[in-house]
Amino acid sequence: MKKIFCLVDCDNFYVSCERLFNPALEGKPVVVLSNNDGCIVSRSQEAKALGIPMGAPFFQWEAFFKKHGVIALSSNYPLYGDISSRVMQVLEESAPFVEIYSIDEAWIDLSNCPSPEDFARKLREKIGRWTGIPVTLGIGPTKTLAKSASKIAKKNSSLKGVNLLFDEEETAKVLSSLEIEDVWGIGKKLATKLKDLGIHKAIDLKNADPFKIRKTFSVMLERTVWELRGISCFGFEENIDPPKQILSSQTFGQPLSRLDDLRAATANFVKEAGKKLRRFGLATRRMAVFIRHGSFPGCMESASFCFMEPVEDLMNLLETADNLLQALYKPRRTYTKSGVVLFDLLPRENHQASFWPREGEKEKKYHTLSHLLDELPKPLLRVGTELFGENWRLRAQRKSPSYTSKWEELPVVKA
DNA sequence: TCTGGGGTCCTAGGACCC
DNA sequence: TCTGGGGTCCTAGGACCC
């Protein structure tokens, strides 16, 4: 049974979300910035046409934006998350199998679909009508070819958002026009190395000797070669695995030197990580805290701790992180970022019974506190360490309201 | 002045075991 | 005098993705 992979990819997703509630942005060059208004992470078609690159630092482009009337917005993740789940919901109602790949992309299985192209066009229209988000659909016999199909469709408006790669001749033509760095799984580093070997376009990689590629690079790249040849190596991910690690970190709104500021920030990240840990019903056996100091890009230092037995409760996590942080901290340094990572995650019920008798009351109290901290809105209950400072908080000067996820920020229609 | 955050997988190399 | 080698596990680091 031949598989048919279809990638549904939202166009300029963050910008498209902003436009839903602010039609004045329509037809204008718009970009959305990363946390801290640091980098450009989403660009409208008009912004792309002006030559604004993905990932560029905002401050380097601020003057250019003024000159060309480019509108820059802070990112609004509650809004994007909510719109994303609406798009995914339409997919789940329409397709037999959906694998959510990221906030703005999903794979759907069209293997049993008699006419994939018709289906894709109708689905595209439905998503547009029901959510207001424009999408592009790329279809092919492998994930890598489906991804290539969508890449081409985004560049070529005459395809009207749907592109299929099955025909051998057509595929060869498309792969000849596709740069090697635009192939899924090939980043900057690999692209440079491949070009040194005379592999410039996707078609060159397709025609390369898979065995040689494996020897020179890795099995992953070998799989990409097979995928370009139409032999599927990356299937649908059927079961949703729990995460293998949980990370929470942020660049501070300004450089910090006081230990207490760092402690406040880090306590917040531990809280976020702990929340996620409990949401997945997991416990951790190893925690690392890292901090970055010095001028950009700066120097990372980290310290880690292995727990005697798996931990999920917040108080324990907070205390451990605080100790690690204090061990790392050196006065008179300027710190720009900190973060917490939880490793070696395992399901909570797999806990081995402790060798040592538990202190029942304390355990229970901590457990209750952890859950309260997860559930209650921020200002109601906070961990003491958090109160040591607010200086680390982000800048987000251009943020749109949380139109769909906060009552007090619902859009108002003026009479 | 101002440069994101959250993940995954693979590989090489060291420690250790028999 | 001869001075192994194969397997596994762990970790750090690098590359990629969005």
Side-chain angles (χ1 to χ4, degrees), chain A residues 7-14 31-43 53-63 65 72 74-77 80-81 84 99-107 143-144 147 150-151 180-194 214-224 233-234 237 240-255 265 268-269 272-273 275-277 280 285-286 288 290 292 294-298 300-302 304 306 334 336-345 394-398:
Chain A
L7 177 72
V8 183
D9 192 346
C10 300
D11 300 339
N12 320 325
F13 184 56
Y14 296 171
V31 301
V32 173
L33 306 173
S34 64
N35 265 338
N36 242 8
D37 294 344
C39 296
I40 295 151
V41 290
S42 181
R43 305 157 294 158
M54 180 71 173
F58 174 49
F59 75 93
Q60 288 176 357
W61 286 82
E62 226 170 336
F65 284 7
S74 301
S75 41
N76 182 350
Y77 290 104
Y80 311 151
S84 171
E99 176 195 334
I100 296 173
Y101 182 64
S102 73
I103 193 164
D104 67 339
E105 281 176 60
W107 297 101
K143 279 188 169 177
T144 305
K147 194 94 185 172
S150 125
K151 203 105 194 175
I180 191 71
E181 57 265 35
D182 289 339
V183 174
W184 193 40
I186 295 178
K188 235 179 173 175
K189 292 276 165 84
L190 276 177
T192 314
K193 280 188 203 159
L194 285 165
R214 182 191 197 129
K215 260 186 85 177
T216 329
F217 296 93
S218 67
V219 280
M220 289 302 277
L221 200 57
E222 185 201 1
R223 285 179 198 151
T224 301
C233 298
F234 307 120
E237 305 283 337
I240 316 138
D241 293 329
K244 295 177 178 151
Q245 64 179 56
I246 292 171
L247 183 147
S248 174
S249 75
Q250 249 176 46
T251 301
F252 307 137
Q254 54 181 297
N268 272 277
F269 304 149
E272 282 309 307
K275 210 172 178 176
K276 195 160 179 188
L277 189 72
F280 282 99
R285 280 180 296 191
R286 190 159 59 95
F290 62 88
R292 190 179 70 186
S295 52
F296 184 82
M300 283 283 200
E301 283 179 332
S302 71
S304 67
C306 292
T334 50
T336 53
K337 175 179 184 161
S338 79
V340 176
V341 197
L342 307 178
F343 299 100
D344 295 348
L345 309 181
L394 309 167
R395 291 181 301 269
Q397 291 160 352
R398 306 168 169 76

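Chain letters run A, B, ... following the sequence lines, proteins first and then strands; every chain starts at 1. The model shown is predicted, which means the values in this text are computed figures rather than measured ones.
Taking atom CG of A:D182 as the reference point, atom P of C:dC17 lies 10 Å away to the nearest angstrom. Rounded to whole angstrom, the span from the CG atom of A:L194 across to the C1' atom of C:dC16 amounts to 13 Å. What separates NZ of A:K189 from P of C:dG14 is a distance of 8 Å, to the nearest Å. Rounded to a whole Å, the CZ atom of A:F269 is 13 Å from the C1' atom of B:dG6. Residue A:D344 contributes atom CG, which lies 13 Å from atom P of B:dT8 at whole-angstrom precision. A straight line from CD of A:E181 to P of C:dC16 spans 11 Å, rounded to a whole angstrom. In this structure, A:K188 atom NZ and C:dC18 atom P are separated by 15 Å, rounded to whole Å. Going from atom CD of A:E272 over to atom C1' of B:dG6 covers 13 Å, rounded to whole Å.
Heavy atoms of A:P243 sit under 4.0 angstrom from primed sugar atoms or phosphate atoms, though from no base atom. Within 4.0 Å of A:I103, counting heavy atoms only, lies no atom of the nucleic acid at all. Among the protein residues, A:S248 comes within range of the sugar-phosphate backbone only, with heavy atoms under 4.0 Å from sugar or phosphate atoms but none that close to a base. Among the atoms of the strands shown, only primed sugar atoms or phosphate atoms (P, OP1, OP2) are found under 4.0 Å from some heavy atom of A:I186.
For A:N36, the side chain to side chain contact (heavy atoms under 4.5 Å, CB included) partners two or more places apart in sequence, or in a different chain, are A:T251, A:L394, A:R395. By the side chain to side chain donor-acceptor pair (under 3.5 Å) test, A:E301 is found to be paired with A:R333, residues two or more places apart in sequence or in another chain being considered. Every residue two or more places apart in sequence or in another chain that forms a side chain to side chain contact (heavy atoms under 4.5 Å, CB included) with A:D182 is listed here: A:K151, A:K155, A:L178, A:E179.
The shortest non-hydrogen separation linking A:D37 to A:S74 is OD1-OG, 2.7 Å. Annotation for A:F252 and A:S338: closest pair CZ-N, 3.5 Å, computed over non-hydrogen atoms. The two residues A:K337 and A:S249 make their nearest non-hydrogen contact at CE-OG, 3.7 Å. Across every non-hydrogen atom of A:A191 and A:I186, the tightest pair is N-CG2, 3.8 Å.
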Could I get a table of every N or O pair under 3.5 Å where one atom is in the protein and the other is in nucleotides 10-13 of chain B?
from, atom 1, to, atom 2, distance (Å)
B:dC10, OP1, A:R223, NH1, 3.3
B:dT11, OP1, A:V219, N, 3.4

List every contact pair, protein side and nucleotides 1-4 of chain B side both N or O, where the distance is under 3.5 Å.
from, atom 1, to, atom 2, distance (Å)
B:dG4, O4', A:S34, OG, 2.8

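Ring-plane geometry between A:W184 and A:W107 is classed as tilted, the angle between the planes lying from 30 to 60 degrees on a 0 to 90 degree scale.
Ring to ring, A:F59 and A:F65 are not that close: their centroids are 6.0 angstrom or more apart.
Under a 3.5 Å cut-off, the side chain of A:S34 and the backbone N or O of A:C39 do form a donor-acceptor pair. Checking side-chain atoms of A:S42 against main-chain N and O of A:V32 turns up no donor-acceptor pair under 3.5 Å.
Consecutive Watson-Crick or G-U pairs involving DNA chain B, each under 3.5 Å on both distances, make up stems of three or more pairs at B:5-18 with C:5-18.
Between A:K147 and C:dC18 there is a side-chain polar atom (N or O) within less than 4.0 angstrom of OP1 or OP2.
Results of the side chain to side chain contact (heavy atoms under 4.5 Å, CB included) test with A:Y14 over A:N76, A:L33, A:I103, A:V31 single out A:I103 as the only residue that passes.
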